[in-house]
Amino acid sequence: MTYQPPPQYPGYGQGYPGYPGYPPQPPKGKPVWPWVLGGVFLAIVLTVGGCVAVFGSIAYRIDKESKKEISVTYEISGTGSADISYTSGDFDTTSDNDAPLPWTKAVTLTGFVRSGRVSATMSGTTGGTVSCRILRDGKVIVEDSDSGSYAYVSCYHTFD
């Protein structure tokens with residue numbers, strides 16, 4: 001058997017300086033890095049834009065909800081007088097001491113937590129019956145009643 005050299009490939013054996021015997025590299029194409037950089041930039045822009053849209057929507061809803069108003073009417077009924085405490089607005093508490101009964105107050109509740117609260121304690125030791133109600137659009141939402149010396153009632157409701 002005689003020795004036969006390996007088949008010759010085009011450009012085989014020419015090599016590069018310092019790399020004898022390796023085939024030549026194909027010619028370089030267009031650079032890829034501008035496409036990669038553009039893709040990364042586009043991903044960042046889309047992510048930031050999406051976050052701005054989501055947070056903008058949330059901020060709009062929060063602003064709209066904070067300006068929402070609900071009108072309610074508080075009623076305290078009974079005989080004699082009572083010390084009355086009620087919420088009027090955004091967490092503002094107001095008191096009417098020794099107020100004659102029956103007592104009615106229309107208030108507008110605003111803010112994030114629109115909750116209505118009214119409470120009354122009968123004045124004096126003679127006692128009696130006292131009741132409270134919270135009304136919205138003429139409908140009773142909550143009511144409570146008590147009787148006796150220093151009778152106490154409390155009505156509370158959180159509105160949507």
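Being a predicted model, the structure only gives us computed values, none of them experimental. Note: hydrogens, waters and symmetry copies are ignored here, and every other heavy atom, side chains too, is used.
Pairs engaging residues 37-51 under the salt bridge (charged side-chain N to carboxylate O under 4.0 Å, His left out) rule: none recorded [sequence neighbours left out].
In the model, R117 has no side-chain atom that pairs as donor or acceptor with a side-chain atom of S115 under 3.5 Å.
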Can you list, pair by pair, the side-chain donor-acceptor contacts under 3.5 Å of residues 36-62, counting residues two or more places apart and other chains?
residue: T47; atom: OG1; partner: A43; partner atom: O; Å: 2.8

Less than 3.5 Å apart, which donor and acceptor atoms pair up between the side chains of residues 129-144 and the rest of the protein, not counting sequence neighbours?
residue: S131; atom: OG; partner: S77; partner atom: OG; Å: 2.6
residue: R133; atom: NE; partner: E75; partner atom: OE1; Å: 3.1
residue: R133; atom: NH2; partner: E75; partner atom: OE1; Å: 2.9
residue: D144; atom: OD2; partner: S154; partner atom: N; Å: 3.3

**OP:** Mind running side-chain contact (heavy atoms from CB on, under 4.5 Å) on W103 and D96 for me, showing each step along the way?
**Re:** CA-CA 10 Å; W103 177 91; D96 281 351; 3.1 Å; yes
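The backbone N or O of V107 lies less than 3.5 Å from no partner atom in the side chain of Y86, so there is not a single donor-acceptor pair.
Taking OG from S81 and CD1 from I76, the interatomic distance works out to 12.5 Å, rounded to the nearest 0.5 Å. We find the OG1-OH distance between T121 and Y150 to be 10.5 Å, quoted to the nearest 0.5 Å. Once rounded to the nearest 0.5 Å, the distance linking NE2 of H157 with CD1 of I70 reads 8.0 Å.
Contact detail for G128 and M122: the closest heavy-atom pair is CA-CE, 4.3 Å.
The side-chain contact (heavy atoms from CB on, under 4.5 Å) test applied to T79 returns no partner, not counting sequence neighbours. Take P31 and apply the side-chain contact (heavy atoms from CB on, under 4.5 Å) test, not counting sequence neighbours, and it matches W33, P34.
Tracing side-chain contacts under 4.5 Å through hydrophobic residues (I, L, V, M, F, W, Y), one never reaches I84 starting from Y156; they form parts of separate clusters.
Connectivity analysis of hydrophobic side chains (ILVMFWY, heavy atoms under 4.5 Å, direct or indirect) links Y152 to nothing; its cluster partners are none.
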